[in-house]
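Structure first, then comments.
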Amino acid sequence: MSTFIEDDDDGGEGASGGASMTSDSKGAVRTTGEDSALLEFERQMLIDLQHTDGLVICAKGIHYNRVLLGLLRALCDPANLIIVMNCSESEEKYYRSQLNSRHVHESATNAKERERKYLEGGIHFITTRILVVDLLKNRIPIEMITGIFVLRSHMIIESCQEAFALRLYRQRNQEGFVKAFSNSAESFTFGFGHVERVIHNLYVEEMFIWPRFQSLIQSTLKKYEPVIVEFHIPMTARMTSIQTNILEIMNYLIKEVKRTNPNIDMAEITVENCVTKKFHKILQLQLDTVWHQLSQQTKMLISDLKVLRSLMITAIYHDCLSLYAALKRYKSREYVMNSSGWGLLDAADQMFETSKRRIFNASEEFDPEWGAKWKSLTEILRVEIPNDIRVNGEVRKNKSAVVLILCQDNKTCYQLNQYLLLGAEQCLLHMALKNDVKVGKMSKNYREMSGSKNILMDEKVQGVEETVNRTDPNELEGDVEEDPVDTYENSYIMTLDLDRGDEQENTSSGGSILDLSTQLESGKFSQIPTVDRARSVAQPIVCIQTFKSATNDALSLEASLRDLDPQYVVMYHCNVTAIRQLEVHEARLRREKENRIKVFFLLHAETIEEQSYLTNLRREKQSFEHLIETKKTMVIPKRINELEELEMAEEDFRETTSRRNAATVAPEAKQRMKIITDMREFRSDLPCLIHKLAIDVVPITLTIGDYVLTPEVCVERKSISDLIGSLNSGRLYNQCVQMVRNYAVPILLIEFDQNRPFYLQDRYMISNDTVSNSDIKQKLQLLTLHFPKLRIVWSPTPYATAQLFYEMKQNKPEPNEQLCSVIGSDAHSAETEALEKFNTEIHDFLLRLPGVTEKNIGRLMRSFRDFRELLKATQDELHVVLDNRENAKLLWEILHVVQKPTIESVSQAKFPHQSKFKNRKFQRGKQ
């Protein structure tokens, strides 16, 4: 039994047994077409979700796409209104192609067009931001929504837009369903009570867990296991030495981090976690909240850990020349002086020297080391697969040999493509020139390649010409790359051709089986742009592909397996998701053992590669065990409507306030509060949190401000990064000018990230070192001096901002959305008509004079043509204009009387401490 095919006898939580899908009397689910190919555990998933609002959590590689597709097919009808949320572009394209129905609608850009499509029913793939705005504006008939499907449900937190949309949906529709899906069990283990909070935000009643060790999944996949062949390839002595040196340096850096920070929890920062993909997320969870408290030395240590992790990946997955080029950058004096100093360790010197010896021999000749897995890959393609074709030739007589090589990243994909096309020597020489490695003397093998550099450059030009000539713009999607050598693609397709002499010999002997095996043994690789099945029936196809596509789409490998139908798969790297997708693909086809996929695993045993694979398996298993234990003790209460709950809490708050003030609650006080919100603010979490406090959110396009709380209060919200950009560009000044002119209480809200400390630190969330903390403070001081009416509010989190808005709304009149929508626009002329006739600079200057207020400045500017005429006015004339004798006196004196400081004020300004001492001495004398 292979160690890569998981075989755990423990039965997991969830469905068990051989349940089969039967048609319901109500006809809720149909098993026609592609749905009939559902596996047993997929049918059980569909049965579980048929009449239950639930959350489905699947293991990696055990995807829910067929289950969701079956549900969408059953509900694809104009009588139903179905919403699909949080769906990526590639997934949306997949579901649209599979459904292929006129009842599947795209999200229109025009609001009226969307409203019309909602009334037509069917399935709608909508972005969450558009969905929230349409729900708030009642463009969607919420009572008519049949249900909502939520993808990637592990991302649904309390303040996200998806939770906002579900809350709006549930407040007015208690009959519709909510069905959620997720493929990331580990994401539910981060934070305290994350599972309970996600279920609360989704409004579901059940959680269905489907790990790989679940009994029904095991029994389904065990029947049709692919044929496994493992190649345990030992690393070279120099590769092992480099791996040991990197681990030694990592261990030293981790000890230094823990030694310099004894009071910070760093239990998760270990050497084992440093080499996994989740290392960046682990660092973020552990150190993000205390990042500003860490010393500069600690930050450099953590940065160097990331560098060493990338070097480890390069050492194991890529060629020796790529590693040498990367180490040269980190060996420079500039990097060593600006790092934690790991480059000065003995292990680093040994690593630098060993990486050089992998390229140059003892005579300093260019003789690079081959990739450790290259020879095994050649043996599989030239020996193992041809022998298997000869043995099973009768079974696969009418099929071509399709070989799929799966690797981790685009760079490895390109490297293998170059190795198969050019050979090892030319490939390494090409990589040396690409990485700017100085090639002086050459070893014997490379000297035999006469004029190898010129040959290689000719091949580069020839490769470009062939690609351009073979590419048909009608067949290929996308443009032809001008320099394909410098572009790392995520897939390459090749075939093998024989020489003409060998072709005639095989044709005379007859037999397509011998042709396939002979072509694989002695054929020459040639690249083809697309898979032409008609051309390649008698030719073997070799496809090199990454585990995921460029869009990080997990369904790309499933589509490749379905389209290519490979007989052989070479796992150049280990990946948990890909291995399980191969198992599911084979179980779906239900073929005999002789016809199943033969999988070749290439693995460096007892290395970081194997350790990383086992660590990923262990972490996922622990996550599912945590979910299973949580489900046993988790209580999902049958809660009342959240809207009624919030209204009751609001009523209690008002009654408490009224008793404290010895007053009764007025009838109009029971009206729900509302806040007018700019449409662009729905990218943030604040509108969701405001609505959670029983405050209606009215989305309109505001020209001035982001939030209007009352007819007099306008708020401009700024995050730290937005604040810095607005201060530097001058945009904030113009925004404050508009707020001060149109609202009595303008507020600048500076909001911090809830995952970061409430502290304005240097270079916070910015990359430009020229902007410092003092620059921001100085510009804010100038802003407050220029706008005395402007209030500046500092908020630590969006939760605090929402609570502040709630308190500011108490016993205040509600804003008018029609008026707010035109303030600042061309249509707004009711209050600004008089102001537009005046010079705005003179208007702002007069407001700063004593005796001039917002109430009398209009009469003052209408009574005098210019400032010279104002200076000629007498005090009695000013009294008539201002309608206040005291204000007229203050204004006349500031314009005509020379203001001289008193002697006491001058002495206090020059000698402030001396005047205090004199006063104290005088008081003591009186005593």
For residues D678 and L702, report the shortest heavy-atom separation together with the two atoms involved.
OD1-N, 3.0 Å
In terms of heavy-atom contacts, does CZ of R116 have more than 12 from other residues, nucleotides or ligands at under 6.0 Å?
yes
Are Y64 and W210 packed together at the side-chain level, in the sense that at least one heavy-atom pair is separated by less than 4.5 angstrom?
no
Identify the two heavy atoms, one from I140 and one from I145, that lie closest to each other, and give their separation to 0.1 Å.
CG2-CD1, 3.7 Å
Determine whether F149 and I123 make a side-chain contact, defined as any pair of heavy atoms from C-beta on separated by less than 4.5 Å.
no
Backbone of I126 reached by a side-chain donor or acceptor of H124 within 3.5 Å
no
Do E620 and N616 pass the side chain to side chain donor-acceptor pair (under 3.5 Å) test, and can you show the C-alpha distance, the side-chain angles, and the key distance before you say yes or no?
CA-CA 6 Å; E620 187 193 53; N616 291 332; over 6 Å; no
Are side-chain heavy atoms of R197 and H194 found at a separation under 4.5 Å?
yes
Quick one: do E583 and R580 make a salt bridge, cutoff under 4.0 Å?
no
Look only at the side chain of R212 and the backbone of L617, and say whether a donor-acceptor pair between them is shorter than 3.5 Å.
no
The reported gap from OG1 in T797 to CD in Q803 (rounded to nearest 0.5 angstrom) is 10.5 Å
Hey, does L749 have a side-chain heavy atom less than 4.5 Å from the side chain of Y707?
no
Is the backbone of T146 close enough, under 3.5 Å, to the side chain of N80 for a donor and an acceptor to pair up by distance?
no
Taking side chain as C-beta onward, heavy atoms only, is R588 less than 4.5 Å from L39?
yes
Distance from E206 atom CD to I199 atom CD1, nearest 0.5 Å?
8.5 Å
side-chain contact (heavy atoms from CB on, under 4.5 Å) between L589 and D565, worked out:
CA-CA 10 Å; L589 296 177; D565 189 20; 4.3 Å; yes
Looking only at atom types and distance, does a side-chain atom of K631 sit under 3.5 Å from a main-chain N or O of M207, one as donor and one as acceptor?
yes
Compare every heavy atom of P798 with every heavy atom of E751, then report the nearest pair and how far apart it is.
OE2-CA, 3.6 Å
If you compare all heavy atoms of I142 against all heavy atoms of Y169, which two are closest, and at what distance to 0.1 Å?
CG2-O, 3.9 Å
Output the distance between atom CD1 (I695) and atom CZ (F805), rounded to the nearest 0.5 Å.
9.0 Å
Any donor-acceptor N/O pair, T677 side chain to P699 backbone, under 3.5 Å:
no
Before accepting this row, confirm whether a basic side-chain N of the pair K674/E814 lies closer than 4.0 Å to the acidic partner's carboxylate O.
no
Flag for T128-E162: side-chain donor and acceptor within less than 3.5 Å:
yes
Steps toward side-chain contact (heavy atoms from CB on, under 4.5 Å) verdict (I62, I217):
CA-CA 9 Å; I62 312 296; I217 294 179; 4.1 Å; yes
As a quick check of understanding, evaluate side-chain contact (heavy atoms from CB on, under 4.5 Å) for L804 and S795, giving each step before the final call.
CA-CA 9 Å; L804 175 65; S795 176; 5.8 Å; no
For the student: nearest non-hydrogen atoms of R590 and A587, plus distance:
CG-O, 3.1 Å
Rounded to the nearest 0.5 Å, what separates atom NZ in K718 from atom CG in D706?
7.0 Å
For a quick test of reading the model, state the closest non-hydrogen atom pair linking A79 to D77 and the distance between them.
N-OD2, 2.9 Å
Strictly distance-based, threshold 3.5 Å: is any side-chain N or O of K117 a donor or acceptor partner for the main-chain N or O of H105?
no
Do the side chains of E92 and R96 get close enough for a salt bridge, i.e. N-O under 4.0 angstrom?
yes
Any side-chain donor near an acceptor of the partner, S560 and Q545, under 3.5 Å:
yes
Q161 side chain to F682 backbone, donor-acceptor under 3.5 Å
yes
Min side-chain heavy-atom separation V133-R139 under 4.5 Å
yes
Taking S182 for its side chain and R152 for its backbone only, find out whether a donor-acceptor pair lies under 3.5 Å.
no
Between F188 and H154, how do the two ring planes meet: parallel, tilted or perpendicular, split at 30° and 60°?
perpendicular
Carboxylate-amine/guanidinium proximity below 4.0 Å for E115 and K137
no
Test item: N86 side-chain N/O and L151 main-chain N/O as donor-acceptor pair under 3.5 Å
yes
Assess whether side-chain contact (heavy atoms from CB on, under 4.5 Å) is satisfied between H691 and L168, documenting all intermediate values.
CA-CA 9 Å; H691 186 270; L168 293 171; 3.2 Å; yes
Any side-chain heavy atom of Y203 sitting closer than 4.5 Å to one from I148?
no
Over 12 non-hydrogen atoms of neighbours within 6.0 angstrom of CE in M634
yes
Does CE in M155 sit with more than 12 non-hydrogen atoms of other residues, nucleotides or ligands closer than 6.0 Å?
no
Measure the NZ-CZ distance between K621 and F213 for me, rounded to the nearest 0.5 Å.
6.5 Å
Could you tell me the separation between the CD1 atom of I83 and the CZ atom of F125, rounded to the nearest 0.5 Å?
10.5 Å
Would you say I720 and I750 make side-chain contact, with heavy atoms under 4.5 Å?
yes
Flag, side chain of N201 to backbone of A163, donor-acceptor distance under 3.5 Å:
no
